[in-house]
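Notes to accompany the following structure.
Throughout, a chain's letter reflects where its sequence line sits, starting with A, and its residues are numbered from 1.
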Amino acid sequence: MRPVPLLLGALLGSLVPASSLPAQNQGDDVLPPDIFVEGFGPAAGKAAAPEAEAPALVSGTRDEATRLLRDPRVVLLKVTRWFRPSESARRAAVLDVGKGWLALRGGKVLGWFADLDEELVNEAGSRAVDLTARSDSAFLTPGFCDADSRWFRADADLGDSGQNLSVAAADRLELWQEGWEELPRKSGVTTLYVPAGVAARSAGAGVVVSLGTTPRVVERAAASSYKVSTVQTRGTNLSRDGVTKTLEKELEDAKKYREAKEKYDKDLEEYEKKRKEFLAYYKQHPMKAGEEPAEEQKPAADEGRQGRRGRGMRMTPEQVQEMRKLPPEERQKYIDELRKKQQGGDEGAKEPEKPAEAKADGKAPPRPKRPKEPDVDPQKEAMLEVLDGKRMLRLEVHRAGEIQAVLALKKEHGLDKVVLVGATEAWKVAKQIAEAGCPVVLRPEETPEAAGFELLPEHLPAQAARLAEAGVPVCFGSGGRREAGVLPLLAACAVGSGMSEEDALEALTKNAWLASGGEGDVMVVYDKDPLAPDAKVLAVIDNQAAGARRPGRGAGNGRRGARGADAGGAGEGGGR
Amino acid sequence: MRPLPTALVALCSVAALPAQQTPPLVIEVGRAWLEPGKPIERPRFVIEVGRIRDVATWKEGQDAAGAERFAGAVATAGFVDLHRLAKDQGELGEKAESLTPELRLDRAYDPFDPEWKRSLAKGVTSFVLAPAHDSLSGGQAIWVTNGLVPEPDQAPSYIGFSLTKEIQGRDRRPTSLIGALDYLREGYRRLRSSTPRRLDPTEQALASTLDGAVKVGFVCAQADEVLGAMTLAEELRLEGTIFLGDSRGRFVRRDVEELLPKLRESGLGVALPCLSLRSDPEDRALPAELDRAGIRFAFWCPAVERGDVEGFQWTLAASVRRGLDPARALAAVTSVPASWAGVGDVVGTLYKGRQADLCVWSGDPWDLRSRLLLVVRKGEVVWRPRAEEAVR
């Protein structure tokens, strides 16, 4: 029997108009940030659960629930289990929450209420959904994230090899592409990291797209990407210098660019100061007619150039006319004499006369010269953001030696946010990656046999398990569009290779957000453990302020505004 | 000193001792699928001389001597690959002649190829060695136990007819699909000659398919090839299987889907290539679709490379996730291919008397969280996870 799709969208989007709810407390600001649940969030005034122990569920009070429900976007949900991704000092955990109701908003669980009375549940009306009635093992999890998707991009754009770090994906998105609906409904994948380009060596900011009722951009300036090597890159003559030379040069160039900008800022400040003095002086000592202010001395380099330019022979039009009057055999003689005369004249030339009547009293400040502003280089600007830790940089790199070289470069240049993509031999240097704190995005790569990679049996999931064991935040990317449907299968396979279920779910959610530079805000309810072979999506919960965001229209992160609706989902096995 | 007589006496006394018998292999698991859809709880398999001598149940506290117990594990029959292409295709294909149905594939079989070991680690205990796809008929596919020298003169499982574009070339016939079908018809037409004569080996091989003694395996990668195969099978009343996919397992699914009603009418079985990480959602849904359409199907697996995730377990999990009944999925890699290969009473199930090919998993094999714990091939433990690979 196929499960009947649950259309929470209709319930939440249409049946509960915002106007029917109390007018106050409809914004984020009036709600306490993290309310009451010990073990769920940093509970105000309550001690946090010890990390080593299973988190204790502490129920919120009825008053708190009532207060929460004043926000029309808050949904009450009854499920059996909930996967809570890790947060600061708290580990990821699968929690039994079947005895109470969870309050949700915008992809976040706000709290848990053990004994909500029927009256309050009834009051919530269609915003209270009991999914345990549909499956006694209903499982709530943040929607899964494909950390390397090709959705909403034109193939021609992705294949553009002329891109650089300044090209952003947000400007080239095609959110009108069709067919994405099956990802949340059949595989529970609700968040995608979409890079700006894949063919060029570097590409600018990617975007994070959330798939709820409509695809919407939740992060416009997500990670940028840089290709240090590919699986096809030969591993011979591998030297650290060879691997990272180009990247290092770009980092150095960006630093020089910054120095030039800083120098300009300093010079500009100086110029402003001098200009003020200059103006002040001439305000007090107005110039007479025909008088001109003294000029600032030109730099020596300019003088040199001018000197070189003056070395040639110059003839006035009159001299040319005179020369033409002469018979041809005498013309050369005339030119030679003229040159001799001119050269002799230059050697003994006096300083060019200063403009007449220039202020020469020694007190008049010279007219300051405005410094030349360095040309704006968007690529270097983007690289500076990386250097300053404002932008994440995803480095595609595969061999163990290359990874080590990149990690050394990261340390040398103090790069904070570096993500390794591909990382075919990451398992060999897992400890070093963990120490460097780099997330790793694993993709199904076709590694040519000739490339000579050292692979584990069932390499991709086995490597994920090893990296997780070493403490590396590992996640998966499909490198395609519809292929994202296999991500839960890959995670299940990683569990078979020794990864814990919590780590596998973390890889599909939190770690993937971490490697993308943006978070998803849609939640999914499965009829059982999402990694079980026959797990089906019961519901997709998108109660975030929604609205498709088109690039170039000032789309923010969509946190406010129109109320979201939920999309119902058929199970993976059904609906065809 | 006369050491020699003493040594002789000692030698004679050793020779006089009764021959040391190998103790039976006893394996106990939490649950086993005797055949897909027929589970048995807590079975004990007693294995002797390569066969399952007995299947009983065990109880907690009753330990059989020498039994190896996997209390929470699941046992299935070893997987049977109905169409295994050797990695080195050059050795298994005739380059000059395209129609050579008389060749026996087992004669060019190297049981020591490391590829077979990789298959064992994925639970494949036997397979049908299939002819290369680049000959119209590369020869007779022979069932072999993975990594063992095959029995001589074993009956062929089927004769392979490849209709894919891989057979077409300028140097030899056929050069097109229509040419391929005509070439086959021509071969069969010669058999109908009224003059009594001695059949040459090619004719003998083709003749064996007419009376149903040997089945045929059509290899097709797109709809027109499937249509051609069905037409030919109907014309000549051939029985067998359609293997979808070229030598890398690629085929045009969309066209083939439209042929499902015709396929069911034809009575031919369908063998699907293993699903890969790059398979479309529709590819993953095709097994369930075939099942719903009432078409019998099995899976075959293109060569396994080191590091590959893909294989039968991945295929089972991916198709179960898309709605295929787990028992049907398991049947498609055990009992169905065994039956189609003509060895249904030897392998593919775990009944008493069958060849002892079994796999022990930490859970159901269609759950990717389960891992292989043990592979027994013909009564011998041939694979266990190495210490560094063993988990949980």
Original post:
Does atom CD of B/Glu166 have more than 12 heavy-atom neighbours from other groups under 6.0 Å away?
Top reply: yes
Original post:
Less than 4.5 Å apart, any side-chain heavy atom of A/Pro533 and any of B/Arg369?
Top reply: yes
Subject >> Residue pair B/Trp314 / A/Val486: nearest heavy atoms and the distance that separates them >> reply: CZ2-CB, 4.0 Å
Original post:
Which bit of A/Ala532 comes within less than 4.5 Å of chain B, counting heavy atoms only: side chain, backbone, both or neither?
Top reply: both
Original post:
Closest heavy-atom contact between A/Glu182 and B/Pro281?
Top reply: OE2-CG, 3.1 Å
**OP:** Just give me the residue among A/Leu456, A/Leu531, A/Leu460 that pairs up with chain B most often, heavy atom to heavy atom, under 4.5 Å.
**Re:** A/Leu531
**OP:** With a 4.5 Å cut-off on heavy-atom pairs, point out which of A/Ala494, A/Cys493, A/Ala491 contacts chain B the most.
**Re:** A/Cys493
Subject >> Partner residues of B/Phe299 under the ring-ring contact (aromatic ring centres under 6.0 Å, His included) criterion, sequence neighbours left out >> reply: B/Phe297
Original post:
Is chain A contacted by the side chain of B/Asp367, its backbone, both, or neither, given a heavy-atom distance below 4.5 Å?
Top reply: both
Subject >> Over 12 foreign heavy atoms within 6.0 Å of CZ, B/Arg264 >> reply: no
Original post:
Between atom CZ of B/Arg278 and atom CZ of A/Arg482, what is the distance when rounded to the nearest 0.5 Å?
Top reply: 13.5 Å
Subject >> A/Glu458 vs B/Leu368, side-chain contact (heavy atoms from CB on, under 4.5 Å): CA-CA, chis, key distance, verdict >> reply: CA-CA 12 Å; A/Glu458 299 199 345; B/Leu368 285 169; over 6 Å; no
Subject >> Between CG on residue B/Asp280 and CD on residue A/Glu483, distance to nearest 0.5 Å >> reply: 6.5 Å
Original post:
Quick one: CG on A/Asp534 to CG on B/Asp325, what's the gap to the nearest 0.5 Å?
Top reply: 10.5 Å
**OP:** Give the member of A/Leu455, A/Leu490, A/Leu489 that has the highest number of heavy-atom pairs under 4.5 Å with chain B.
**Re:** A/Leu489
Subject >> Heavy atoms from other residues, nucleotides or ligands near CZ of A/Arg481 exceed 12 (cutoff 6.0 Å) >> reply: yes
**OP:** Please name all residues satisfying ring-ring contact (aromatic ring centres under 6.0 Å, His included) with A/Trp151, sequence neighbours left out, ordered by chain then number.
**Re:** none
